[in-house]
There are 2 protein chains.
Amino acid sequence: MKTKITLKELAKLLNVSVSTVSKALNDSPEISPKTVERVKELAALHKYRPNPVAVNLKNSKSGTIGVVIPNISNNFFAQVLSGIEAKAQKEGLQVITYISNESLEREKQIVDMLTSGFVDGVLIAISEATHRARNYDHIFSILEYEIPVVLYDRTNFDIPVDKIGIDDEKSFEEATQLLISKGVKKIGLASGIHHLGVGKLRIKGYEKALLEGMERFVAASSRHQVLVDGIKDLLVNKKVEAMLCTDFGSAMLVYRMAYEFNIKIPQDLKMIGFLNKDVAQYLTPSISFIEQFPEELGKQAMEMLIKRMKGQLIPEKNSHKIINTELVHLESTGF
Amino acid sequence: MKTKITLKELAKLLNVSVSTVSKALNDSPEISPKTVERVKELAALHKYRPNPVAVNLKNSKSGTIGVVIPNISNNFFAQVLSGIEAKAQKEGLQVITYISNESLEREKQIVDMLTSGFVDGVLIAISEATHRARNYDHIFSILEYEIPVVLYDRTNFDIPVDKIGIDDEKSFEEATQLLISKGVKKIGLASGIHHLGVGKLRIKGYEKALLEGMERFVAASSRHQVLVDGIKDLLVNKKVEAMLCTDFGSAMLVYRMAYEFNIKIPQDLKMIGFLNKDVAQYLTPSISFIEQFPEELGKQAMEMLIKRMKGQLIPEKNSHKIINTELVHLESTGF
DNA sequence: CTGAAAGCGCTTACAG
DNA sequence: CTGAAAGCGCTTACAG
């Protein structure tokens with residue numbers, strides 16, 4: 001019904017040239033006010049809107065940015081996307097979403113698309129598999145194509161690009177220090193992601209905060225049963241008084257085993273985890289968590305990318321930004 | 001560095017015309033095998049890839065589809081997106097993501113973008129605000145522009161388009177029937193989304209399944225404290241033996257209050273909820289939940305849209321598909 | 001088998 | 001003030 005009208009058709013209806021219509025619509029001072037009015041009136045009547053594909057071709061850009069997400073089921077990334085999308089909308093940019101599912105293979109395919117001219121810029125969090133394989137060639141290829149790119153969240157590897165993330169190490173260092181300051185002596189840590197960059201950093205922060213003479217109690221494995229046994233050992237045999245959990249899975253395991261062995265949270269065991277707010281606060285008892293402000297991270301990543309695309313950042317110098325985390329106290333750290 | 005090479009440049013390097021290069025690259029039978037080889041070799045050397053924006057302009061399409069998501073923090077929608085994206089990738093389509101945040105205003109803006117020619121098709125789940133305001137004009141406008149569109153998940157309103165969703169009513173009807181078959185007499189329901197389409201349907205299913213003489217125990221409110229009081233009444237005063245929860249929030253409240261009033265799950269109280277798998281199975285005790293297969297829903301929505309875009313569906317007839325849900329038994333329904 | 005021309009829908013320097 | 005022409009990067013019917 002309302003099949004899209006083009007400049008050419010408007011021009012014919014108005015008995016003027018296409019150029020005149022285009023200029024009138026773009027408020028060019030070259031065109032007489034009277035003509036501008038006529039043109040705009042008819043354009044409004046027909047609800048004319050320029051074909052974005054044509055405009056983009058003309059401008060040699062695509063008007064879109066590509067966002068690569070390792071795992072959209074992880075609420076953290078979903079929220080990051082939300083922040084990105086909100087900012088993009090304001091800037092009139094379209095967000096093309098690619099989900100790598102933590103796969104190197106998939107990530108390579110995605111990068112292939114990204115470098116083919118579909119997008120004007122890229123926001124990417126590197127997949128787990130890529131980190132494990134230490135195969136970053138495809139990431140470098142984005143740079144070779146001179147496509148502006150910002151790495152978000154998973155930033156701990158050496159590549160000369162703009163980055164934005166949180167300080168994983170510091171967050172757990174501070175959490176550990178807080179427990180120590182409250183007089184907790186035996187602090188344990190559980191992790192199902194110790195092999196990943198973020199996992200390593202969180203564990204490092206914990207270890208850094210431990211005082212001389214304090215024992216290190218770590219249960220870490222990506223294999224379920226090994227992790228279960230490790231946690232059980234810490235809770236039952238080592239009788240730790242607090243547990244830090246680097247990820248959702250390990251937090252839920254600690255939670256569950258505390259229940260099974262009748263260890264009361266927070267009376268017998270304090271807990272702090274990297275969980276998303278929604279889950280953390282709704283649990284019974286609620287679990288104190290590290291707030292990472294993912295939407296803010298997404299927003300700022302987008303801002304950084306926009307600046308880079310507009311050439312507002314110094315070419316040879318890369319930005320590196322840190323979003324501060326915040327320890328939110330809920331029931332599991334009641335003292 | 002690796003600045004993109006164009007057909008024109010390839011042509012110049014090869015001393016042939018642009019048309020010849022284009023045809024050779026597209027394996028046109030018009031071109032001699034020798035030329036094809038020469039062209040392809042040089043193209044490969046320079047890693048030539050056609051500018052997608054130009055190709056799209058030529059083909060009068062955009063190569064993208066728009067996906068409108070009401071709330072990406074809801075894991076259900078995140079998973080739907082995952083299914084959509086996977087399928088789109090296979091079809092060589094780009095997914096532009098728009099997040100309405102359950103806002104009518106935002107949804108209108110988004111639809112405005114969608115009808116301006118950015119996308120070849122649309123997948124949309126209508127926002128809560130839109131449903132409340134019963135203001136569907138903008139949705140109809142997508143139809144006026146003759147853009148293929150598939151409604152997913154929130155499909156219970158009258159509009160002549162393709163739809164795909166789950167049978168909310170049936171899912172809770174069956175869940176209720178199951179409890180009845182196990183001899184549970186006093187079955188309660190908690191809802192924080194009774195005012196929404198899906199909430200209404202779930203409640204309706206519950207009511208439909210109740211046998212003659214069975215009392216209806218419903219605690220429903222979008223106001224936190226009212227809902228808390230309602231649930232408390234059901235658990236403590238009415239002493240229901242089971243609770244159905246239409247949403248994550250109400251499930252967590254029931255969970256919490258059972259804990260506070262020392263009501264044991266599943267011994268004293270059975271529970272079934274609309275939760276996502278991840279949370280449901282990790283809770284202690286784990287909560288039996290209705291599996292909605294969101295990725296499958298996303299995938300099939302995309303398939304339906306592709307068929308519509310390709311004209312493989314009958315123009316005057318709309319598809320309406322239902323994804324079957326499945327009650328997954330975990331600890332909270334242990335009998 | 002190859003190439004010139006037209007065209008997708010727009011914008012913009014240039015003539016008049 | 002208006003319009004013809006060139007061009008963004010491609011494809012394809014048409015001539016040769």
Side-chain angles (χ1 to χ4, degrees), chain A residues 2-40 42-43 46-64 92 94 115-120 145 147, chain B residues 2-40 42-43 46-64 92 94 115-120 145 147:
Chain A
K2 213 183 270 171
T3 169
K4 294 204 51 120
I5 194 165
T6 64
L7 274 193
K8 205 200 251 181
E9 290 160 337
L10 281 179
K12 188 183 279 178
L13 288 171
L14 289 160
N15 264 319
V16 294
S17 73
V18 171
S19 357
T20 302
V21 177
S22 173
K23 286 175 194 164
L25 256 20
N26 290 311
D27 285 313
S28 160
E30 289 183 49
I31 307 297
S32 76
K34 206 185 291 181
T35 309
V36 170
E37 199 189 337
R38 274 183 67 216
V39 171
K40 287 198 172 174
L42 193 72
H46 288 277
K47 301 210 171 137
Y48 170 79
R49 279 174 300 175
N51 178 331
V53 178
V55 174
N56 288 335
L57 177 60
K58 184 68 199 167
N59 297 337
S60 305
K61 61 179 186 65
S62 69
T64 64
Q94 314 299 309
T115 54
S116 80
F118 257 114
V119 299
D120 296 335
Y145 278 96
I147 298 171
Chain B
K2 215 184 268 171
T3 167
K4 293 203 53 120
I5 194 165
T6 64
L7 274 193
K8 203 200 253 181
E9 290 160 338
L10 281 179
K12 188 183 275 177
L13 289 171
L14 289 160
N15 265 319
V16 294
S17 74
V18 171
S19 358
T20 302
V21 178
S22 173
K23 286 176 195 163
L25 256 20
N26 290 310
D27 284 313
S28 161
E30 289 184 48
I31 306 297
S32 76
K34 206 185 290 179
T35 309
V36 170
E37 197 187 340
R38 274 185 68 217
V39 171
K40 287 199 171 173
L42 192 71
H46 288 279
K47 303 215 172 131
Y48 170 78
R49 281 174 299 174
N51 178 331
V53 178
V55 174
N56 288 334
L57 177 59
K58 184 70 198 164
N59 297 337
S60 304
K61 60 178 186 68
S62 69
T64 64
Q94 315 298 309
T115 55
S116 80
F118 257 114
V119 299
D120 297 335
Y145 278 96
I147 298 171

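Remember, it's a predicted structure, so these values are computed and weren't measured experimentally. Here is the naming used below: chain letters follow the sequence lines, and residue numbers restart at 1 for every chain.
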Most 5' of K58(B) and K23(B) on DNA chain C, judged by nearest nucleotide:
K23(B)

By nearest-heavy-atom nucleotide on DNA chain C, the more 5' of S22(A) and K8(A) is K8(A)

Are any of the side-chain heavy atoms of [X] and [Y] separated by less than 4.5 Å?
X	Y	result
K47(A)	T115(B)	no
V39(B)	I31(B)	no
I5(A)	L13(A)	yes

Just to be sure I follow the notation: if a pair is Watson-Crick (purine N1 to pyrimidine N3 plus N6-O4 or O6-N4) or a G-U wobble (N1-O2 and O6-N3), each under 3.5 Å, what dot-bracket string does DNA chain C give, with | for pairs to another strand?
|||.||||||||.|||

Identify the 5'-most and 3'-most nucleotides of DNA chain C with at least one atom closer than 4.0 Å to a non-hydrogen atom of chain B.
dC1(C) to dG9(C)

What is the nucleic acid contact for [X], judged by heavy atoms within less than 4.0 Å: base, sugar-phosphate only, or nothing?
X	value
T6(B)	sugar-phosphate
N56(B)	nothing
P52(A)	nothing
T35(A)	sugar-phosphate
N59(B)	nothing
V18(B)	base

Begin with the C-alpha distance, continue with both residues' side-chain angles, and end with the deciding distance and a verdict on side-chain contact (heavy atoms from CB on, under 4.5 Å) for L7(A) and Y48(A).
CA-CA 8 Å; L7(A) 274 193; Y48(A) 170 79; 3.4 Å; yes

Using only heavy-atom distances, determine whether the side chains of D120(B) and S62(B) contain a donor-acceptor pair under 3.5 Å.
yes

For the side chain of K23(A) and the backbone of V36(A), is there at least one donor-acceptor N/O pair under 3.5 Å apart?
no

Closer than 3.5 angstrom, by distance alone: can the side chain of N51(B) be matched with the main-chain N or O of V53(B) as a donor-acceptor pair?
yes

Walk me through it: do K12(A) and T6(A) pass the test side-chain contact (heavy atoms from CB on, under 4.5 Å)?
CA-CA 10 Å; K12(A) 188 183 279 178; T6(A) 64; over 6 Å; no

Using the P atom on both, measure dG9(D) against dC1(C) and round to a whole Å.
30 Å

Please report the distance separating the P of dC8(C) from the corresponding atom of dT2(D), rounded so that it comes out in whole Å.
25 Å

Which comes earlier along DNA chain D counting from the 5' end, the contact point of A54(B) or that of T20(A), where each point is its nearest nucleotide?
T20(A)

Does the pair T64(B) and T64(A) meet the rule for a side-chain contact (heavy atoms from CB on, under 4.5 Å), with working shown?
CA-CA 11 Å; T64(B) 64; T64(A) 64; over 6 Å; no

